[in-house]
Amino acid sequence: MAFFKRKKPAYTDISQIELPSHIGIIMDGNGRWAKKRGLPRSAGHTAGAQTFRKIARYCSDIGVRHLTVYAFSTENWRRPETEVSAIMKLFKEYLEEAIRDFKDDSIVLKFIGDRSAFSPELLALMEENEEESKDREGMVLNIAMNYGGRAELVRAMQSIARDAKDEKLDIEKIDEGLISDYLYTKGQPDPDLIIRPSGEHRTSNFLLWQSAYSEYVIMDVLWPDFREEHLNQALIEYANRNRRFGGV
Ligand code: IPE
Ligand code: IPE
Ligand code: MG
C-alpha cells in the first residue's frame with residue numbers, strides 16, 4: 001500500500017501566514033488539569049478562565065477578526081450542581097470585569113446560545129456587554145454559553161417555519177445562505193480553524209452547521225496550560241493544510 005508522502009511544511013512562523021478570519025476554540029480539559037493536581041474541578045475552571053482572557057487578547061492583538069470560544073454547552077448542565085455554579089460565578093466575574101476594565105477596548109462581545117437559562121443578573125451583564133461593545137471595530141469575540149449546535153438548528157428551523165407560516169418567507173427561497181442567517185453567527189464568516197485542546201477527537205456539538213469545512217486541530221495540551229505558543233502552533237498547522245472544499 002502506498003502512503004502519501006507528507007509535504008515538508010512550507011510555513012514555520014506565523015509572520016509568514018495568512019491568518020484564518022474566524023477561529024473556534026473548544027476550551028476543554030479544565031477538569032483533568034485540576035485532577036492531575038489533586039484540586040477540585042472548579043479550580044480547573046478558574047485556571048481555564050485565565051487562559052481564556054490571555055488567548056482572547058492574543059488573538060485580538062495578532063489581528064484575528066472573529067473568535068468563537070465554547071465556554072458551556074447545552075449538555076454541560078448534566079454536571080454536578082457545585083461545578084455548574086462555580087462556572088456561572090466565573091462567567092459573572094468575567095462579565096463584570098469586561099464592563100469595568102475594558103471601556104477603551106476594541107473587542108466586540110457577543111453571546112451565542114440559549115440565554116433563557118441564565119439568571120436575570122447574568123443576562124443583564126451579557127446585554128450590557130453587547131450594548132457597550134457593539135460599535136467597536138476590533139475582533140468579534142463570540143462566547144458560546146448554553147450553546148449546542150443541534151439546539152441552534154432546532155431554533156433556526158422553528159423560526160424559518162414560523163416565518164413561512166406568517167408568509168414572511170417563501171419556501172422556495174430557503175437555501176444555505178438563508179439558513180446561515182437564522183443562526184446565532186448570522187453575518188459572520190464560518191470558522192476556518194477549530195482548535196480542540198485536551199486531545200479529544202469530537203465536535204461535542206460545537207458549530208455543527210458552520211464547521212462543514214473547518215480545519216480541526218486537536219492538541220494534547222489541557223486548556224489551562226494552553227499558551228500563545230500553542231495557538232501559533234495551531235495556526236502554522238492550519239496554514240500548511242490544503243483546503244479543497246470538495247474540489248481538486
Ligand atoms: C471544559 O473543561 C470546560 C467546560 C466544559 C465547561 P472540562 O470541564 O470539560 O474538562 P475535562 O474535559 O473534564 O478535563
Ligand atoms: C465541550 O466539552 C464543551 C465545552 C468545552 C464548553 P465537554 O467536556 O463538555 O465535551 P465532552 O463531554 O468531552 O464531549
Ligand atoms: Mg471536557
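Note that ligands are numbered from 1 as they come in the structure, with each ligand's atoms numbered from 1 the same way. The figures that follow rest on heavy atoms only: side chains count, while hydrogens, waters and symmetry mates do not.
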A.B. asks: Check the pair Phe72, Trp77 against ring-ring contact (aromatic ring centres under 6.0 Å, His included), reporting the backbone distance first and the verdict last.
C.D. replies: CA-CA 9 Å; Phe72 194 83; Trp77 299 104; 4.9 Å; yes
A.B. asks: Could you tell me if Trp223 and Ser198 have a donor-acceptor pair between their side chains, going purely by distance under 3.5 Å?
C.D. replies: no
A.B. asks: So, do Tyr147 and Phe111 have ring centers that fall under 6.0 Å from each other?
C.D. replies: no
A.B. asks: Is it the side chain, the backbone, both or neither of Phe72 that has a heavy atom closer than 4.0 Å to ligand 2?
C.D. replies: backbone
A.B. asks: Rounded to the nearest 0.5 Å, what separation is found between the OG1 atom of Thr82 and the CZ atom of Arg41?
C.D. replies: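 Taking OG1 in Thr82 and CZ in Arg41, the distance rounds to 10.0 Å.
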A.B. asks: Quick check: is Tyr94 connected to Leu67 through a chain of hydrophobic side chains (ILVMFWY, heavy atoms under 4.5 Å apart)?
C.D. replies: yes
A.B. asks: Work out whether the distance between some heavy atom of Met145 and some atom of ligand 2 is less than 4.0 Å.
C.D. replies: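 No, Met145 has no heavy atoms under 4.0 Å from ligand 2.
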A.B. asks: Rounded at 0.5 Å granularity, tell me how far CD in Gln210 sits from NE2 in His22.
C.D. replies: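 One gets 8.0 Å once the value is rounded to the nearest 0.5 Å.
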A.B. asks: With no hydrogens and no angle check, is any side-chain donor or acceptor of Gln16 less than 3.5 Å from a backbone partner on Thr12?
C.D. replies: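 Present.
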A.B. asks: If the cut-off is 4.0 Å to any non-hydrogen atom of Arg202, which atoms of ligand 2 fall inside it?
C.D. replies: 11 (P), 13 (O), 14 (O)
A.B. asks: Strictly under 4.0 Å, does any heavy atom of Gly29 approach an atom of ligand 1?
C.D. replies: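 Yes; Gly29 lies near enough to ligand 1 that a heavy-atom distance drops under 4.0 Å.
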A.B. asks: Between His66 and Ser21, do the side chains contain an N or O donor and an N or O acceptor separated by less than 3.5 Å?
C.D. replies: no
A.B. asks: For atom 6 (C) of ligand 1, what's the nearest protein heavy atom and its distance?
C.D. replies: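 Nearest neighbour among protein heavy atoms for atom 6 (C) of ligand 1, to 0.1 Å: Ala71 O, 3.4 Å.
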A.B. asks: Could you identify the single nearest non-hydrogen protein atom to atom 1 (C) of ligand 1 and state the distance to 0.1 Å?
C.D. replies: Met27 O, 3.0 Å
A.B. asks: Between Ile87 and ligand 1, which part of the residue brings a heavy atom under 4.0 Å of the ligand: side chain, backbone, both or neither?
C.D. replies: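 Looking at Ile87 and ligand 1, just side chain atoms fall under 4.0 Å.
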A.B. asks: Relative to the heavy atoms of Ser204, which atoms of ligand 2 are at a distance of less than 4.0 Å?
C.D. replies: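 Counting atoms of ligand 2 from 1, those under 4.0 Å from Ser204 are 1 (C), 10 (O), 11 (P), 14 (O).
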A.B. asks: For atom 2 (O) of ligand 2, what is the closest protein heavy atom, and at what distance to 0.1 Å?
C.D. replies: Arg196 NH2, 3.5 Å
A.B. asks: Do you see a donor-acceptor pair shorter than 3.5 Å between the side chains of Arg196 and Thr203?
C.D. replies: no
A.B. asks: What is the number of protein N/O/S atoms located under 2.8 Å from the Mg ion (ligand 3)?
C.D. replies: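 For the Mg ion (ligand 3), protein nitrogen, oxygen or sulfur atoms under 2.8 Å: 1.
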A.B. asks: Which atoms of ligand 1 are found less than 4.0 Å from any heavy atom of Arg32?
C.D. replies: 11 (P), 12 (O), 14 (O)
A.B. asks: How about Glu228 and Gln233: does a side-chain donor come under 3.5 Å of a side-chain acceptor?
C.D. replies: no
A.B. asks: For atom 10 (O) of ligand 1, what's the nearest protein heavy-atom neighbour? Residue, atom name and distance, please.
C.D. replies: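 Going atom by atom, the protein heavy atom closest to atom 10 (O) of ligand 1 ends up being Gly31 N, 2.9 Å.
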A.B. asks: Nearest heavy atom to atom 8 (O) of ligand 1 wins, so pick from Arg79, Glu83, Glu200.
C.D. replies: Arg79
A.B. asks: Test of understanding: clusters of I, L, V, M, F, W, Y form through side-chain heavy atoms closer than 4.5 Å, transitively. Do Leu231 and Tyr216 belong to the same one?
C.D. replies: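 No, because Leu231 and Tyr216 fall into different hydrophobic clusters, even though each may have its own neighbours under 4.5 Å.
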A.B. asks: With distance as the sole test, does Asp225 use its side chain to make a donor-acceptor pair with the main-chain N or O of Val221 at under 3.5 Å?
C.D. replies: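 Checking the backbone N and O of Val221 against the side chain of Asp225, no donor-acceptor pair under 3.5 Å is found.
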A.B. asks: Assess whether a salt bridge exists between Glu93 and Lys89, defined as any Lys/Arg side-chain N lying under 4.0 Å from an Asp/Glu carboxylate O.
C.D. replies: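 Looking at Lys89 together with Glu93, the answer is yes, because their closest N to O distance falls below 4.0 Å.
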A.B. asks: Suppose we measure from atom 13 (O) of ligand 1 to each protein heavy atom; which comes out shortest, and what is that distance?
C.D. replies: Arg41 NH2, 2.9 Å
A.B. asks: Give yes if a backbone or side-chain nitrogen or oxygen of Asn76 is under 3.5 Å from a nitrogen or oxygen of ligand 1, and no if not.
C.D. replies: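 In fact, backbone or side chain, Asn76 has no N or O that close.
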A.B. asks: Ser73 to ligand 2: N or O pair under 3.5 Å?
C.D. replies: no
